[in-house]
Amino acid sequence: MVKKIRSCVFISGKGSNLKSLIKNSRDYNFPIKIELIISNNIKAGGIRLAKQYSIPYKFFPSDDQKKFERNCLIEIKKRKIKFLCLAGFMKILSSDFIRTFRHKIINIHPSLLPKYKGINTHKRVLKSKEKYSGCTVHFVTPILDSGKIISQRKILIGKSETEDSLRTKILKQEHKLYSQSIIAIFK
Ligand code: GRF
C-alpha cells in the first residue's frame, strides 16, 4: 500500500466534491488520506459527510480571518497534515497562509481558467455566450484562481443551457477531475 499523504479538505457548502474525494481516497492506491475537514460554515453539508464517514472535522468561523487561519494552523500541525484541498471553500486565504503551504494547496474551480476567475462563474459564462465551459484544478497562490493549472475538463454548452443545468453538468466532471488531478500530482 502507498504511504498516504495526510490531507485536509476545506469546505463551505454542500460538499459534493468532498464526497467524491472521500470515496476515492478509500481506494488502496489513492495518494492521500483525508485526516481532517475544516468548514467555515456551520451549516455546510460537508459536515454531515464528515460525521457519516467518521472523519475528524472542525468548524471555525472565518469573519476574523487571522483567528480562523491561526485555528486552522494549530489543527493542521496537530494532525501532521501535509496537503490541503479546497473544495467549494468560499473564503480567500491570506498570502502568508498560502505561502506556508507553497505547492501544497490545490483548488477546484468551475470554469476553464484563466477565464472566469472568481464567483458567479456559470452566470457570466452564459451571459458571454461561450460555446464551452468546464472545470480546472490548480495550485493555490496568493492571486485568486491564478496558480499553475494541473488539469482541466471541457464541456459543450447546450442551446437551452441554464445556470443550474450548467452547474450540474460541470459538477459531475469536477467529481472526476479532482481525484484524477491528485493522482497526477503524486505520480
Ligand atoms: C464547485 O463548483 C466548486 O468548483 C466551487 O464551488 C462548488 C462547490 O460544490 N468552488 P461542492 O460544495 O463541492 O458540492
Side-chain angles (χ1 to χ4, degrees), residues 7-26 30 32 34 36-53 55 57-62 68 72 83-93 97-98 101 105-128 130 132-158 161-182 184-185:
S7 303
C8 170
V9 182
F10 282 64
I11 54 159
S12 299
K14 206 170 103 209
S16 66
N17 277 293
L18 169 67
K19 189 173 183 181
S20 74
L21 286 178
I22 294 174
K23 288 195 162 168
N24 290 325
S25 67
R26 296 178 136 201
F30 199 73
I32 69 165
I34 302 168
L36 176 64
I37 293 163
I38 291 178
S39 175
N40 65 341
N41 172 11
I42 190 73
K43 292 191 179 135
I47 291 185
R48 261 199 316 276
L49 288 167
K51 290 181 187 160
Q52 187 185 337
Y53 288 91
I55 300 173
Y57 69 92
K58 287 280 169 190
F59 156 66
F60 296 132
S62 58
F68 172 77
C72 292
F83 191 70
L84 314 182
C85 304
L86 311 186
F89 180 63
M90 302 306 285
K91 177 89 188 171
I92 298 174
L93 293 162
F97 186 92
I98 292 169
F101 297 98
I105 316 185
I106 61 171
N107 179 41
I108 188 153
H109 183 76
S111 80
L112 293 172
L113 291 174
K115 290 176 118 181
Y116 303 100
K117 297 172 182 176
I119 57 170
N120 295 324
T121 320
H122 307 308
K123 191 176 187 174
R124 289 184 286 135
V125 164
L126 290 176
K127 201 169 171 212
S128 304
E130 294 282 356
Y132 298 98
S133 188
C135 47
T136 305
V137 175
H138 64 95
F139 286 104
V140 174
T141 62
I143 303 166
L144 183 68
D145 297 331
S146 299
K148 188 174 169 237
I149 291 173
I150 300 157
S151 44
Q152 291 188 310
R153 273 194 179 217
K154 191 172 177 180
I155 59 107
L156 182 66
I157 298 175
E161 206 79 71
T162 63
E163 250 185 84
D164 274 351
S165 67
L166 188 57
R167 181 175 301 107
T168 307
K169 217 169 177 177
I170 292 178
L171 257 183
K172 214 169 148 194
Q173 298 305 318
E174 291 185 41
H175 299 157
K176 295 178 194 150
L177 187 74
Y178 216 168
S179 291
Q180 284 169 0
S181 306
I182 293 172
I185 291 171

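In listed order, ligands and their atoms are each counted from 1. For the single chain, residues carry numbers from 1 onward in sequence order.
Near G88, meaning under 4.0 Å from any of its heavy atoms, are these atoms of ligand 1: 6 (O), 8 (C), 10 (N).
Looking only at protein heavy atoms, the nearest one to atom 14 (O) of ligand 1 is S16 OG, 2.5 Å. Remark: minimum distance from atom 10 (N) of ligand 1 to any protein heavy atom is reached at I108 O, 3.5 Å.
One N or O on the side chain of S146 and one on the backbone of L144 form a donor-acceptor pair closer than 3.5 Å.
Salt-bridge formation is not detected for the pair R124/E130: no Lys NZ or Arg NE/NH1/NH2 atom is positioned less than 4.0 Å from an Asp or Glu carboxylate oxygen.
Partners of K14 by salt bridge (Lys or Arg N to Asp or Glu O under 4.0 Å), not counting sequence neighbours: none found.
The heavy-atom pair separating A87 from I11 by the smallest distance is O-CG2, 3.5 Å.
Aromatic ring pairs are classed by plane angle as parallel below 30°, tilted from 30° to 60° and perpendicular above 60°; the pair F68 and F89 is parallel.
For G15, a nitrogen or oxygen atom sits less than 3.5 Å from a nitrogen or oxygen atom of ligand 1, counting backbone and side chain alike.
At a heavy-atom cutoff of 4.0 Å, ligand 1 is contacted by the side chain of E174 but not by its backbone.
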